Amino acid sequence: MDQDRLKRMAAEAALDYVPRGEVIGVGTGSTVNHFIDLLAERRIDVAGAVSSSEASTARLRRHGIEVLDLNDVGDLPVYVDGADEATRHLHLTKGGGGALTREKIVAAASRTFVCIVDESKLADRLGRFPLPVEVIPMARSLVARRLAARGGRPVWRQGFVTDNGNVILDVHDLEILEPARLESELNDIPGVVTNGLFALRPADVLLVARADGVQTLR
Ligand code: 5RP
């Protein structure tokens with residue numbers, strides 16, 4: 001079964017976690033695009049969405065789903081988003097699409113984070129996927145040197161600007177033994193907005209699509 005079909009299966013399974021008539025959090029990426037399309041196709045009754053990117057905002061609006069400002073709503077019952085890598089401990093690497101900061105904000109505001117992935121994203125340990133780090137532009141070289149000093153190999157995602165006007169360093173070869181600790185330590189480097197580790201606030205539910213069905217990990 002091709003990967004896109006698996007992504008749609010994971011997205012479809014997430015519909016069961018959507019409380020009807022409420023505002024929900026919506027992530028970013030090709031898996032979440034299926035989720036947004038399914039919300040519309042199945043006419044799921046949501047009161048609106050808080051979106052983690054301009055791309056998802058545009059897609060939600062194209063389907064006629066109202067997009068709300070997080071400042072105008074309280075905590076969200078659920079946040080649905082994909083990931084670039086996920087472990088059985090529900091730790092994630094995110095930010096392949098560059099939306100990591102807003103994703104982390106919406107995840108923090110949500111009571112339940114449902115992460116939807118195809119089986120290729122499941123890993124015993126994080127680190128195969130280069131870790132995205134969002135950086136204030138003037139600090140790019142400083143942050144890159146600090147990341148290199150930790151054994152990482154930062155690569156500037158050239159030509160890419162985040163929705164917040166910042167740049168991304170994709171850090172290869174990092175040894176991620178303690179994801180929560182590394183997440184905090186990298187966020188302490190001056191100029192780092194946030195990094196793509198989701199371990200301090202991991203997923204609550206991980207839906208992993210395989211050819212024979214969707215596995216639920218909690
Ligand atoms: C965007 C993300 C996405 O969730 C992640 O890149 C997975 O994307 P896809 O569903 O396209 O594989 O973190 O910043």
Side-chain angles (χ1 to χ4, degrees), residues 1-15 17 24-39 49-60 78-87 90-110 112-123 126-135 155 157 159-172 174 176 179 183 186-187 192-210 214 217:
M1 193 179 289
D2 76 7
Q3 193 182 16
D4 196 55
R5 175 76 199 124
L6 293 175
K7 288 180 180 195
R8 188 171 163 97
M9 277 171 61
E12 193 169 9
L15 294 176
Y17 293 83
I24 64 167
V26 173
T28 298
S30 55
T31 315
V32 164
N33 283 346
H34 282 299
F35 175 73
I36 295 171
D37 294 348
L38 283 161
L39 283 177
V50 172
S51 165
S52 69
S53 65
E54 299 301 328
S56 289
T57 294
R59 198 176 191 97
L60 286 157
V78 70
Y79 176 53
V80 177
D81 198 0
D84 299 300
E85 251 184 352
T87 70
L90 277 53
H91 293 153
L92 314 171
T93 296
K94 293 183 45 53
L100 59 160
T101 299
R102 294 190 189 187
E103 291 173 340
K104 209 171 261 196
I105 293 167
V106 185
S110 301
T112 304
F113 176 5
V114 178
C115 183
I116 49 178
V117 294
D118 65 83
E119 61 184 343
S120 72
K121 307 285 184 69
L122 204 55
L126 300 178
R128 189 186 49 194
F129 191 89
L131 179 66
V133 180
E134 180 164 355
V135 178
V155 176
R157 202 182 290 182
F160 183 86
V161 177
T162 70
D163 287 347
N164 312 306
N166 298 313
V167 298
I168 297 277
L169 295 173
D170 292 304
V171 192
H172 298 248
L174 269 181
I176 306 179
E183 182 179 351
L186 296 184
N187 284 344
V192 168
V193 179
T194 199
N195 69 81
L197 286 172
F198 282 60
L200 295 167
R201 199 281 178 250
D204 299 300
V205 180
L206 180 63
L207 300 174
V208 185
R210 309 177 191 281
V214 177
L217 300 175

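Whatever order the structure lists ligands and atoms in, that order sets their numbers, starting from 1. Because the structure is a prediction, the values reported are computed rather than measured.
The protein heavy atom nearest to atom 10 (O) of ligand 1 is Thr31 OG1, 2.6 Å. What sits closest to atom 3 (C) of ligand 1 on the protein, heavy atoms only, is Thr28 O, 3.2 Å. With hydrogens left out, the protein atom closest to atom 12 (O) of ligand 1 is Lys121 NZ, 2.7 Å, a heavy atom. Scanning all protein heavy atoms for the shortest distance to atom 9 (P) of ligand 1 gives Ser30 OG, 3.3 Å. Closest to atom 5 (C) of ligand 1 among all protein heavy atoms lies Asp84 OD1, 3.2 Å.
Only backbone heavy atoms of Ala83 (N, CA, C or O) come within less than 4.0 Å of ligand 1; its side chain stays farther off. The side chain of Asp81, and not its backbone, has at least one atom closer than 4.0 Å to an atom of ligand 1 (non-hydrogen atoms only; side chain from C-beta on).
Ligand 1 has a nitrogen or oxygen under 3.5 angstrom from a nitrogen or oxygen of Gly95. In terms of N/O distances under 3.5 Å, ligand 1 is approached by Ala99.
Contact of the Leu206 side chain with the Leu122 side chain is registered, since non-hydrogen atoms from C-beta on lie closer than 4.5 Å. Using a 4.5 Å heavy-atom threshold, the side chains of Leu90 and Cys115 count as separate.
Under a 4.0 Å criterion applied to the non-hydrogen atoms of Lys94, ligand 1 contributes the atoms 2 (C), 3 (C), 4 (O), 13 (O). For ligand 1, the atoms closer than 4.0 angstrom to any heavy atom of Gly97 are 1 (C), 6 (O), 14 (O). Set against the non-hydrogen atoms of Glu103, the atoms of ligand 1 under 4.0 Å away are 1 (C), 2 (C), 13 (O), 14 (O). Listed by number with element, the atoms of ligand 1 under 4.0 angstrom from any heavy atom of Gly82 are 4 (O). The atoms of ligand 1 that sit less than 4.0 Å from any heavy atom of Gly98 are 14 (O).
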Handout entry: Verdict with supporting geometry, Glu134 and Thr194, side chain to side chain donor-acceptor pair (under 3.5 Å)
Key = CA-CA 6 Å; Glu134 180 164 355; Thr194 199; over 6 Å; no
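Checked for salt-bridge contact, Lys104 and Glu183 meet the test: a charged N lies under 4.0 Å from a carboxylate O. Under 4.0 Å is where a charged nitrogen must lie from a carboxylate oxygen, and between Asp84 and Lys94 no such pair does.
The backbone N or O of Pro132 sits nowhere less than 3.5 Å from a side-chain atom of Arg157 that would complete a donor-acceptor pair.
To the nearest 0.5 Å, atom OG of residue Ser120 and atom NZ of residue Lys7 are 7.0 Å apart. To the nearest 0.5 Å, atom CG of residue Leu92 and atom CZ of residue Phe129 are 12.5 Å apart.
When the options Arg210, Gln3, Arg8 are evaluated for a side chain to side chain donor-acceptor pair (under 3.5 Å) with Asp118, the one that passes is Gln3.
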